[in-house]
Amino acid sequence: MAKNLLIVESPAKAKTIEGYLGKDFTVKSSYGHIRDLVKSEDAIDINNNFSQRYEVPADKKQVVSELKKLAKEADIVWLASDEDREGEAISWHLFETLGLKEPDTRRIVFHEITKPAIMKAIENPRKIDYNLVNAQQARRVLDRLVGFELSPVLWKKVKPSLSAGRVQSVAVRLIVDREREVNKFKAEAAFKVVALFGKGKDAFKAELPERFSKQEDAEQFLQDCIKAIFEIKSLETKPAKRSPAAPFTTSTLQQEASRKLGYSVARTMQVAQRLYESGYITYMRTDSVNLSDTALDAAQKEIVSAYGDKYHQHRKYKTKSAGAQEAHEAIRPTYFNNHTIDGESNEKRLYELIWKRAIASQMSEAQFEKTVAKISISTRKEDLVANGEVMKFDGFLKVYLEGSDEDEDNQTADGDNAILPPLSKGQILDLQELSATERFSRPPARYTEASLVKKLEELGIGRPSTYAPTISTIQNRGYVVKEEREGRQRNFRMLTLKGGNIVKETRIENTGAERGKLFPTDIGAVVNDFLVLHFQGIVDFNFTASVEKQFDEIAQGLQDWTKMIRTFYDPFHKDVQSTIETADKATGERELGVHPESGKKMSVRIGRYGPFVQVGENPTDESEEKPLYASLRTGQSIETISLEEALELFKLPKVVGEYEGKVMKVAIGRFGPYISHNSAFVSLPKEIDPLDVTEEQAIELIEAKRKKDAEKLIKAFPEDETVKVLNGRWGPYIEFGKLNVKIPKDITDPLTLTYEQCKALADAMPKDAKKGRFGKTAAAAKPAAKKAPAKKKAVAKKK
DNA sequence: CAGTGAGCGAGCTTCCGCTTGACTT
C-alpha cells in the first residue's frame, strides 16, 4: 500500500501527477469542493458569528468515503488543491471531513503541472492557511446571504422562482443598461469623402479627414474639385510594429472562439474540457497569462525549428485583471510540437486556435512601414490623406492574428493599410472618382455572451469557472435572451464626381440587424429596476471590487471576517425588511394612452403569463365591464411598444373560415403565426401575412400538413387512434397523444411493435419529471394539476 | 405556443465556486 495520499481537485490532473510521483504515492481527486452549506434557512447562524452548517452533497458522498478510506491507510496525506481562496478552503474541508490529523497532513501548492514544480512543492510543504480559508468563508457566506435574502423579496414583489445574486444581477444590469442606451441613441449623419486616384495597379484611395454634416457643403466640395489640381504635398514614411497577444485565459479564449469560430461560451468550455481530458491542453479555467519555464523552452524549440531563429522572442506577460488569483498556467498546448490533433472537427479547430495563440505569444513582433501621403487640392484649403502600409517582416503574424469585436464600419478608414504605389512629393495626381457618402454614427454595441464575459472580468465579477454558468443562469431565469433580430432598411445619400459630372443618388442599406446578441426581457428589466431602486449597493458595479478588497485583507490576517460580514449584513438586512414591508409590487406598468375608439385607458405591464396590453381599468365591482387583454409578441417589449403596435395585437386571433364543420383561427404563438383547426396546429409560412390569410389558403395549409404527417407515419393502431409509430428526426418513436417515447435499442424493426408493447413502453416512462437537456417528456403527459402552466413555461424558455 | 391576466392559499423556488459525468427528441 502507498504510504502517501495526494489529493488534487481534478481527476485529469491526478492522472498526470501520479505519473510523476511513482509507487509511494496514490494520487486522487476531490472533484472540486466536497462540502457546501446546507440548503435550508439555518445554514448560517446570524446571531452566532455567522457560524455555518456544512454537508456533503449526495453526489460527493462516494468520493468522500473513498478518500476517507485511503486517508486512513496512508501515513501522510498531501492536500494539493489550487493555491487560491477556493483551493485553500477545499483543503480545509478535506482536512475536517476526512478527519485528518495535523502531524500527518501536508499542504502543498504548485502553479503548473510539471515534474520539477511538483517535486519542489513536495519539498516545501506548509500548513493550511486559515486566513485564506476565512476569506473564502466570508465570500461564501456573503453570497449566500445576498442570494437567499434577495431572491425571496423578488418572489413577493415580482414573481415566484426569480433569483438575484452578487454576480448574476450585475450581469443583467449591464445588458439592461446597454439596451436602453441603444434605444435612446439617435444616429447622426455626415458625408464621408473618398477619392480614387490613378488607374489599374497604381490606383489608390485617399480620404478627407473631416466629414460634412450638410449635403450642400459636400456638394460644394465636389463642385470645387471638378477643376482642381491634386498634388502630393507631403510624404512621410515611418516604421511601425505590432506585438502578439498574451496566451489565452478562460475569458480571452471564450472571446476569441466566439469571434473566430462562432462558439457560445458554453460550447467553448465543453470542447476545451475534452481537450484537457485528452491531455492536449493545460487547464482551461484560469485567469493567468503565465507560461511555465518548461513551456517557454518547448515553445522556443518549436518556433526555431518550424520558422527559424529570428521568429522567436522570449516574452513574459502580466495579468491585467485586478481580481486574478493565478493558481494555474495560461491555457496552452501540453506539447507544442503537436500543431494539430486527432479528434472531432470542433476539437481540432479549438486546439489550433490555442496552439497558434500560445506559439505566437513567444514570437517576434511584426514590422511595417507606414506611409502617410497628404494631397493638396488647389481650390480648397483641406488636404486629402492616403495611408499605406507595407509589411516588412511578418513575425508572429505568420501564425496568428487576434480577432476584433468592431464591425467593418468602425474599423480603419478606406485606403488605410493598403499598399500605395510609388509616389513622390510634388507629383500631380489624376483623379478618377470622388464620392461623398452619407454615413451614420452607430449606437453602442449590444453584448454577445463573450463580450459580456469580457466586461464582467474587467469589473472583477465572477471567476473563470463561473462565466459560462452565469451566462446560462441569466438566460434560464428568463432575464435575458440571445437572439437574432432583423434590421430595417435605411436610405442614404451619395454624391459621385466622375468625368466632370456630379451624380446624386439615394441608396438603401440594411441597419440594426443583430445575430447572437443578448437582449433583456421585460422581466429582466423589471427585476433590474426593482433591485437598482431598493438595493443600489448590491447591484453597484463596484460592489464586488470593494468586497474583494476586504476579502484580501482577511486573507492577509488584517481583518476579522465575521466583523466584515456583520458590517455588511446588518444594514443590508434592514433594507430587505423595509423593502418587504413598504415596496409596491413591481409590474413595469406603463400607460400607452387612450384607445382611439372607446377612449379607454391603454397600458402595458407584466402579468402572471408574461407581458400584456390592457384596455380599460381594472373593475372594482362585478357590474363594471371587464378589460380586454392581449399578450405581447416575441421581440416586443413593454418598454418600447407603441400605441399603434399595441392596437395591432387585438386583430388576432381571427377566425378565417370553416372547414369540416370546425372553425379555423389564425393566431400568433411563441414560435410565430399559426392556424388552429380542430385541436391541430399548422404554422404559417413567412411569406403569408397572418392578417390576410384567406379561407382557401388555410384549408390548403391544413391539407399539406396532414399529408406531411401521413408520410411520417410508420404504423397506426386501429384499437387506439392516439397511439402511433412515427419517423422523427432522430429515428422512429412512439407518440401517445402528447407524450413521446423513444424506441429501445433492442427493437430493430419498429414495424413489429404491437399495441401492447407500445403501451408497456409508455407505462415504463417515469411518472415524475424527467429532466434532460431537452426538457421534460413524461411530465408533459400528466401535468400536476396546478403547477403545470408555470413549469411548462420554465421548460419552454430553456430551449 | 394554442383563448388567461384571481382564487381555497400547501409548499416550493434562490446564491457563487470548485469539479465531472449522465442525461435525451
Side-chain angles (χ1 to χ4, degrees), chain A residues 8-13 29-37 39 43 59-60 63 81-82 84-87 89-90 93 136 139-155 159-169 273 276-277 283 285 327 461-466 469-470 473 477 544 587 605-614 618 626-631 633-634 652-653 665 667-677 679-681 683 726 728-731 733 735 740-742 770-777 786-787 789-794 796:
Chain A
V8 291
E9 291 178 35
S10 147
K13 209 188 258 186
S29 157
S30 73
Y31 293 81
H33 274 295
I34 52 149
R35 287 205 303 194
D36 193 15
L37 291 172
K39 283 260 176 280
D59 58 334
K60 288 289 166 63
V63 181
S81 48
D82 296 346
D84 58 18
R85 211 160 57 200
E86 298 298 327
I90 288 175
H93 282 307
Q136 193 273 347
R139 199 281 303 155
R140 182 69 189 91
V141 166
L142 180 120
D143 282 337
R144 167 59 69 88
L145 291 173
V146 169
F148 275 41
E149 292 218 6
L150 231 39
S151 302
V153 179
L154 297 179
W155 306 343
K159 199 178 129 175
S161 301
L162 295 175
S163 66
R166 176 176 58 82
V167 173
Q168 57 167 285
S169 296
Q273 176 85 29
Y276 168 66
E277 282 166 12
Y283 198 55
R285 287 185 277 264
I461 299 173
R463 303 281 312 134
S465 66
T466 61
T470 299
T473 300
R477 292 269 175 279
T544 290
T587 62
R605 68 172 188 277
I606 296 183
R608 208 150 72 87
Y609 304 101
F612 68 100
V613 190
Q614 177 173 347
N618 282 330
K626 275 192 171 179
L628 289 172
Y629 305 103
S631 295
R633 288 181 197 146
T634 315
L652 289 174
K665 263 184 207 173
I668 296 202
R670 228 168 47 79
F671 304 133
Y674 64 90
I675 300 168
S676 61
H677 172 250
S679 76
F681 300 92
S683 37
L726 296 167
R729 204 145 62 98
W730 292 275
Y733 65 96
E735 191 186 274
N740 290 337
V741 183
K742 204 176 163 178
K770 232 177 132 39
K771 272 191 214 162
R773 212 147 35 93
F774 300 95
K776 291 172 197 172
T777 43
K786 232 164 199 183
K787 244 179 169 181
K791 245 188 184 171
K792 263 163 89 181
K793 244 179 201 159

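Both backbone and side-chain heavy atoms feed into the values below; hydrogens, waters and symmetry mates do not. Protein chains get the first letters and strands the later ones, always in sequence-line order, with residue 1 at the start of each.
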*A:D82 has a side chain; which of B:dG5, B:dT19, B:dA2 sits nearest to it?*
B:dT19
*Has A:R285 got a side-chain N or O lying under 4.0 Å from the OP1 or OP2 atom of B:dG17?*
no
*Expected output: side-chain A:T466 to main-chain A:G462 donor-acceptor under 3.5 Å*: no
*asked:* Should A:Y674 be counted as stacked on B:dA2, where stacking needs a ring-centre gap under 5.5 Å and an angle between planes under 30 degrees?
replied: no
*Which residue lies toward the 5' end of DNA chain B, A:G147 or A:Y283, if each is placed at its nearest nucleotide?*
A:G147
*Within the pair A:S676 and B:dA2, is there a side-chain N or O less than 4.0 Å away from OP1 or OP2?*
no
_Pairing pattern in dot-bracket form [Watson-Crick, G-U; both distances under 3.5 Å; | = partner strand] for DNA chain B_ = .........................
*Round to the nearest Å and state the distance from A:H33 atom NE2 to B:dG17 atom P.*
10 Å
*Would you mind classifying the nucleic acid contact of A:G87 as base, sugar-phosphate or nothing, using non-hydrogen atoms under 4.0 angstrom?*
nothing
*asked:* Between the base of B:dC15 and the side chain of A:R140, is there a donor and acceptor pair under 3.5 angstrom?
replied: yes
*Between B:dT4, B:dT20, B:dG17, which nucleotide has the shortest distance from any of its atoms to the side chain of A:S631?*
B:dT4
*asked:* If you assign A:V167 and A:F612 each to the DNA chain B nucleotide with the nearest heavy atom, which residue ends up on the more 5' nucleotide?
replied: A:F612
*Give the rounded distance in Å between these two atoms: NZ of A:K60 and C1' of B:dA22.*
15 Å
*Taking only N and O in the side chain of A:S10, is any of them less than 4.0 Å away from OP1 or OP2 of B:dT20?*
yes
*Which part of the nucleic acid does A:G32 contact within heavy-atom distance under 4.0 Å: base, sugar-phosphate only, or nothing?*
base
*Would A:F148 count as stacked on B:dC15 if the rule is ring centres under 5.5 Å and plane angle under 30°?*
no
*Looking only at side-chain atoms of A:S161, point me to the closest of B:dG17, B:dT13, B:dT20.*
B:dT13
*asked:* At 4.0 Å (heavy atoms only), tell me whether A:I34 reaches a base, stays on the sugar-phosphate, or touches nothing.
replied: nothing
*asked:* Regarding A:R139, tell me which of base, sugar-phosphate or nothing describes its non-hydrogen contacts under 4.0 Å with the strands shown.
replied: base
*So, A:S29 side chain and A:E9 main chain: donor-acceptor pair closer than 3.5 Å or not?*
yes
*Have a look at A:A164 and say if it touches a base, only the backbone sugar-phosphate, or nothing, with a 4.0 Å heavy-atom cut-off.*
sugar-phosphate
_Out of B:dG17, B:dT14, B:dT20, whichever nucleotide has its closest atom nearest the side chain of A:E277_ = B:dT20
_A:F612 side chain reached by A:R605 side chain, heavy atoms, under 4.5 Å_ = yes
*Are A:D82 and A:R285 ion-paired here, with the side-chain N under 4.0 Å from a carboxylate O?*
no
*Does the side chain of A:S163 get closer than 4.0 angstrom to OP1 or OP2 of B:dC15 through an N or O atom?*
yes
*Is it the case that A:K13 places NZ or CZ above or below the six-membered ring of A:Y283, under 6.0 angstrom from the centre and within 45 degrees of the axis?*
yes
_Selection from B:dT13, B:dA2, B:dT14 that lies nearest to any side-chain heavy atom of A:Q168_ = B:dT14
*Distance from A:K39 atom NZ to A:R144 atom CZ, nearest 0.5 Å?*
6.0 Å
*asked:* In whole Å, I'd like the distance from the CZ atom of A:R463 to the P atom of B:dC18.
replied: 5 Å
*Starting at atom CZ of A:R144, determine the distance to atom P of B:dC15, rounded to an integer number of angstrom.*
10 Å
*asked:* How long is the straight-line distance from OG of A:S10 back to CD of A:E277, given to the nearest 0.5 Å?
replied: 7.5 Å
*Could you walk me through whether A:S683 and A:F681 pass the side-chain contact (heavy atoms from CB on, under 4.5 Å) test, one step at a time?*
CA-CA 7 Å; A:S683 37; A:F681 300 92; over 6 Å; no
*Partner of A:H33 by side-chain hydrogen bond (donor to acceptor under 3.5 Å, both in side chains), out of A:E86, A:H93, A:R140*: A:E86
*Determine the contact category for A:P627: base if any of its heavy atoms lies under 4.0 Å from a base atom, sugar-phosphate if only primed atoms, P, OP1 or OP2 are that close, otherwise nothing.*
nothing
*In whole Å, what is the span from the CD atom of A:E9 to the P atom of B:dG21?*
15 Å
*Report the distance from atom CD of A:Q273 to atom P of B:dT20, rounded to the nearest whole Å.*
5 Å
*Contact class for A:D59 vs. all strands (heavy atom < 4.0 Å): base, sugar-phosphate, or nothing?*
nothing
*Counterpart residues, side-chain hydrogen bond (donor to acceptor under 3.5 Å, both in side chains), relative to A:H677 (two or more places apart)*: none
*Between B:dC18, B:dG5, B:dC15, which one does the side chain of A:Y629 approach most closely?*
B:dG5
*Quick one: A:R633 CZ to B:dA2 P, roughly how many Å, whole number?*
14 Å
*Proximal nucleotide (of B:dC18, B:dT20, B:dT14) relative to the A:Y31 side chain*: B:dT20
*Looking only at side-chain atoms of A:R477, point me to the closest of B:dG17, B:dT14, B:dT20.*
B:dT14
*Could you check how far CD1 of A:I90 sits from P of B:dT20, rounded to whole Å?*
11 Å
